[in-house]
Amino acid sequence: MSDTRKIIIDTDPGQDDAVAILLALGSPEHLDVLGITVVAGNVPLALTERNARIVCELAGKTDVPVYAGCDRPLRQKLVTAEHVHGKTGLDGPQLPDPQMQLSDGHAVDFIIETLRKEDTGTVTLCPLGPLTNIATAFEKAPDIVDRVQQIVLMGGAYFEVGNITPAAEFNIYVDPEAADIVFKSGADIVVLPLDVTHKALTTAPRVQAFRDMGTDVGRMTAEWTDFFERFDKEKYGSAGAPLHDPCVIAYLLQPDLFSGRHINVEIETKSDLTRGMTVADWWRVTDRAPNALFIGDVDADGFFALITERLSRL
């Protein structure tokens, strides 16, 4: 039994998604990236699939298949986040158009086929964006749910409340119906919400450590974080920006950096006021059965040390 964990990264690259992908690709002895599936979210699908390929090329890992998936949420219009990530989703330094091709076929079919092909309980899904692709796969092929080893996702918030509405975190808000399907699926779920990502801030010394690598990956990571930092510093008055999505990959690599509670999490889909809210029963005040490990804390220094060490390998 190898210690390498098979994963599918489901993503909508923005800058923090890019860092998450680089972290996974820089850890081949621990993570076998079977494929990257792309969804509309931070920016529309045409840009997220382009950005995913740009990141693979930057890492020198052009053999990782990239599949385009759903271009809109299950039941509502797409909400995007150019105000955070810029018009391309990877604003900051301009990278050339990718040479590597998209893989043929739909991301949802790739997810279904991979889970049916690999041994049960050996593939972990790592959603870094809205859950549209995952929910669509579960609806289309209910047999795959029991085959999933784990779903480790970035999304939601409880104590930090919302970042796109007063009550909702962006990834869940973009497609609450999809999130509802996933959280009710019975799969083993780990949630990295804003409560933990807002404790992992890109301070000046941490960004300088990326720059000091003296590599293209280090320089790009520093410039990307510089770019989207400006938005969060202004919004939260913080010393830096939260690196949301890399928390998912870091959790797979070093779970002891994180702590949380196994609780019930439900998704609000009906209310105008709180649509997309992750209603996390942190204090266990209901009798609803726990369905997710909801992470609340991270060793931020350990987290950035891990990212810096792994990215320096690329």
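Note that these values count all heavy atoms, side chains included, but never hydrogens, waters or copies made by symmetry. In this text, all values refer to a predicted model and were calculated from it rather than measured experimentally.
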Could you give me the CA-CA distance, side-chain angles and deciding distance for D97 and R53, then say whether salt bridge (charged side-chain N to carboxylate O under 4.0 Å, His left out) is met?
CA-CA 9 Å; D97 282 331; R53 290 180 289 143; over 6 Å; no
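- Screening N133, V145, L131 against F138 for a side chain to side chain contact (heavy atoms under 4.5 Å, CB included) leaves a single residue, V145.
- Partners of E160 by salt bridge (Lys or Arg N to Asp or Glu O under 4.0 Å), not counting sequence neighbours: none found.
- For the pair K61 (side chain) and L22 (backbone), a donor-acceptor distance under 3.5 Å is absent.
- Proximity of a side-chain donor or acceptor of E268 to a complementary backbone N or O of K270 within less than 3.5 Å is detected.
- Checked by atom type and distance alone, the side chain of T225 pairs as donor or acceptor with a backbone atom of T221 at under 3.5 Å.
- Here D143 pairs with R116 under the side-chain hydrogen bond (donor to acceptor under 3.5 Å, both in side chains) rule; sequence neighbours left out.
- L273 belongs to no multi-residue hydrophobic cluster, having no ILVMFWY side-chain contact under 4.5 Å with any other such residue.
- When the options R72, R75, K184, R275 are evaluated for a salt bridge (Lys or Arg N to Asp or Glu O under 4.0 Å) with E177, the one that passes is R275.
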Start with the C-alpha distance between H244 and D16, add both sets of side-chain angles, then the distance that settles side chain to side chain donor-acceptor pair (under 3.5 Å), and finish with yes or no.
CA-CA 6 Å; H244 306 286; D16 58 321; 4.9 Å; no
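- Not a single donor-acceptor pair under 3.5 Å links the side chain of R310 to the backbone N or O of L23.
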What verdict does the ring-ring contact (aromatic ring centres under 6.0 Å, His included) test give for F227 and H85, after you've listed the backbone C-alpha separation in whole Å, the side-chain angles of each residue and the deciding distance to 0.1 Å?
CA-CA 8 Å; F227 178 84; H85 298 280; 8.5 Å; no
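- Put simply, the side chain of E57 gets close to the backbone of Q99: a donor and an acceptor are under 3.5 Å apart.
- Listed for the E169 side chain is a donor-acceptor partner under 3.5 Å among the backbone atoms of G156.
- Within 6.0 Å of atom CG in D256, more than 12 heavy atoms from other residues, nucleotides or ligands are found, so the atom counts as buried in its surroundings.
- The closest side-chain heavy-atom distance from F294 to L192 is not below 4.5 Å.
- For K235, the NZ atom is densely surrounded, since the number of other residues' heavy atoms within 6.0 Å is greater than 12.
- Proximity of V19 to D17: side-chain heavy atoms (C-beta onward) are nowhere separated by under 4.5 Å.
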